[in-house]
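Residue numbering restarts at 1 for every chain, and letters A, B, ... go by the order of the sequence lines.
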Protein chains: 2
Amino acid sequence: MRIPPPPGRALKEPGAAGEGREGRLTRDAVLAAALEIIDGEGAEALSMRRLARALGRDPMTLYRHAPNKAALLDAVAETVLARLDVERGDPDWAGQLRALARSYRRIALAHPHLVPLLVTRPLATPLALRPRGTLRPLEAVLALLTRAGFSAADALHVYRALFGFLHGHVLNELQELVENPEESDDLLRLGLHRLPIGEFPLLRALAPVLAAYDGAGELERGLDILLAGLAATLGRDAAAGR
Amino acid sequence: MRIPPPPGRALKEPGAAGEGREGRLTRDAVLAAALEIIDGEGAEALSMRRLARALGRDPMTLYRHAPNKAALLDAVAETVLARLDVERGDPDWAGQLRALARSYRRIALAHPHLVPLLVTRPLATPLALRPRGTLRPLEAVLALLTRAGFSAADALHVYRALFGFLHGHVLNELQELVENPEESDDLLRLGLHRLPIGEFPLLRALAPVLAAYDGAGELERGLDILLAGLAATLGRDAAAGR
DNA sequence: AAAGTACTGTCTACGCTGTAGACCTACAGG
DNA sequence: CCTGTAGGTCTACAGCGTAGACAGTACTTT
């Protein structure tokens, strides 16, 4: 009774939202569309149905390219993190880590809605089962540091310190501060006037400082402290400088 | 046609799961039950219906105590963070921050499933609109540090560095490493044998080091570096030591 | 050329989710 | 006593992730 649709396409011929429309749907197209939705509408807006609509396909099609939604999100995070790269042979290990940190920050700022995923997914998946692309930077940093003379254990320690710092930094930098963007006075723009003066005098007084947050600067100053501290703690001479 | 239930209770008289059963449901009871579910079954297991069932009430009852689910989750995070306290008058500011850091870590380890919320919610709500309980530690640290002689701007800087580090640290410490708990060999227990030797030689070799992770130690070493570094950067003499 | 196999796409359906709206009751203050 | 407010419940809606079954396509093997 039921006429099966011409299998390449079926829904929405008539101008509807869907994009590409090439015969086969590729994994990369799925991930790219997912990232676009996350960037544009936030991570909660990404549902399998919403994603399928953006691709002009049936929702169930997505399950041919990912076993479930969590895996799909992991894969999106992976493609983004795969853009990190490390020059393993560079003898200036500190410089190389600085560059890595700056790349990570750049990526986080480019995809702020993805950051909760980036910092949070590793809590749910054992290290060895994580997408390979997310482990590659780790291996690369280990190579960089062992070539520079660190022990393997110290290299791991440095990696953890660096990414701990990085996660903390981007979470800081992406904190929402502004409540009322078009207001010109700092206190009002940040909404700090809502806080009772009796209980939060210092915080209220900080309005101009909060408003002048300098993410790039904070990153660099943090790296100064971290790299110098690590080099000292691990008993190496610091070429850690600027 | 429809007989209304005796309004105090209605569902599940007969031994069903529900707890307390006092006439009025309190906000605290709601939050406590929510935390219990999150701790016991993970944050994704907490639905409004699941929570209502645990309380032996109709799901819609919850909306008398919180405007929506996000606010309810924020409130849970708030009650947990309210347990942090700071001795504002203590002249040993570094010692006080160390204590704060240890408390934060203790809380995070006690409620691991809550950690994604703790680090992630501030991205969604402007500072001034966050639950007051989460701003109180900030105000307290500002008071501590300004009394100890820091400028307000430096005090904020220290606060941010500390909580950035703390967030990064607990995310590190709560990373899932173990794939197969009952296995005795480190490599197999962590599942690292899955990684191709060619691509991940260093990571695979790290199995014993990964298995011996010492969270408390890492926190202290991180604090050593951070507090000394901050004291130096901000040009104060460091009483920052142990 | 035929048959088998794997892959992709679609449809339907199930049990779940958050919450708006309406209603009803109990209690507090006048 | 009446009135207002806050808490509890019920129903209903639109959307969710995904299991299962089926159909067509594109290779591979015979």
Side-chain angles (χ1 to χ4, degrees), chain A residues 1-13 16-31 33-34 37-38 41-76 124, chain B residues 1-13 16 18-31 33-34 37-38 41-76 117 124:
Chain A
M1 276 319 93
R2 171 162 280 305
I3 46 157
R9 63 273 293 283
L11 324 164
K12 48 194 54 184
E13 201 69 43
E19 50 192 40
R21 222 11 5 84
E22 307 97 82
R24 283 287 201 274
L25 183 57
T26 66
R27 183 182 141 99
D28 283 356
V30 171
L31 298 182
I37 292 174
I38 291 174
E41 308 173 36
E44 318 85 53
L46 182 76
S47 72
M48 299 302 263
R49 287 162 152 95
R50 173 76 187 77
L51 177 55
R53 204 177 340 123
L55 291 162
R57 294 302 213 290
D58 182 276
M60 292 310 287
T61 306
L62 301 172
Y63 291 89
R64 302 292 177 192
H65 301 275
N68 53 52
K69 189 185 177 181
L72 194 147
L73 290 174
D74 280 342
V76 173
Chain B
M1 280 316 97
R2 168 164 283 306
I3 46 157
R9 64 273 294 281
L11 322 165
K12 49 193 53 186
E13 201 69 43
E19 52 190 40
R21 215 27 350 89
E22 307 97 82
R24 283 286 201 276
L25 183 59
T26 68
R27 185 183 140 98
D28 283 356
V30 172
L31 299 182
I37 292 173
I38 292 173
E41 309 173 34
E44 318 86 52
L46 183 76
S47 72
M48 298 303 262
R49 287 163 155 92
R50 173 76 187 76
L51 176 55
R53 204 177 340 123
L55 292 163
R57 293 301 213 293
D58 183 276
M60 291 310 287
T61 305
L62 301 171
Y63 290 90
R64 301 293 177 190
H65 301 275
N68 54 52
K69 189 183 178 182
L72 194 148
L73 290 174
D74 280 342
V76 173
L117 251 51

**Q.** Nearest-angstrom distance from the residue atom CG of A:Leu73 to P of D:dT18
**A.** 10 Å
(Q) Without decimals, in angstroms, what is the distance between B:Tyr63 OH and D:dT9 C1'? (A) 14 Å
Q. When the C1' atoms of the five terminal pairs at each end define the local axes, what inter-axis angle does the helix from C:dA1-D:dT30 to C:dG30-D:dC1 show, to 10 degrees?
A. 10°
Q. Who pairs with B:Arg50 by salt bridge (Lys or Arg N to Asp or Glu O under 4.0 Å), at least two apart in sequence or on another chain?
A. B:Glu41
**Q.** Separation of atom NZ in A:Lys69 from atom C1' in C:dC16, rounded to whole Å
**A.** 14 Å
Q) Do you know which two heavy atoms are closest between A:Ala66 and A:Leu72, and how far apart they sit? A) CB-CB, 4.0 Å
Q: When you get a sec, tell me which of C:dT10, D:dC10, D:dG17 is the closest nucleotide to the side chain of B:Met60?
A: D:dC10
Give each protein N/O atom lying under 3.5 Å from an N/O atom of nucleotides 6-8 of chain C, with the pair distance.
none

Q | Length of the line joining B:Arg27:CZ and D:dG7:P, which is rounded to integer Å | A | 12 Å
Q.
From CG of A:Leu46 over to C1' of D:dG17, roughly how many Å is that when rounded to an integer?
A. 12 Å
Q: Select one nucleotide: of C:dT12, C:dT19, D:dC16, the one nearest the side-chain heavy atoms of A:Arg49.
A: D:dC16
Q: Any chance you could lay out the side-chain contact (heavy atoms from CB on, under 4.5 Å) test for B:Leu73 and B:Leu46, step after step, and finish with the verdict?
A: CA-CA 10 Å; B:Leu73 290 174; B:Leu46 183 76; 3.7 Å; yes
(Q) According to side-chain contact (heavy atoms from CB on, under 4.5 Å), who are the partners of B:Ala75, at least two apart in sequence or on a separate chain? (A) B:Arg27, B:Leu31
Q.
Could you tell me how far apart B:Leu62 (CG) and C:dT17 (P) are, to the nearest whole angstrom?
A. 12 Å
Q) Taking atom C1' of D:dG7 as reference, at what distance in whole Å does atom CG of B:Asp28 sit? A) 16 Å
Q | From CD (A:Glu44) to CD1 (A:Ile38), nearest 0.5 Å | A | 9.5 Å
Q | Side chain of A:Asp58 (C-beta onward), nearest among C:dC11, C:dG18, C:dG9 | A | C:dC11
Q) Taking CE from B:Met48 and P from C:dA20, how many angstroms apart are they, rounded to a whole number? A) 10 Å
Q: Enumerate the residue pairs fulfilling side-chain hydrogen bond (donor to acceptor under 3.5 Å, both in side chains) with a member in residues 61-72 of chain A, sequence neighbours excluded, ordered by first and then second residue.
A: none
Q) Which residues pass the side-chain contact (heavy atoms from CB on, under 4.5 Å) test with A:Leu62, sequence neighbours left out? A) A:Val30, A:Met48, A:Leu51, A:Ala52, A:Leu55
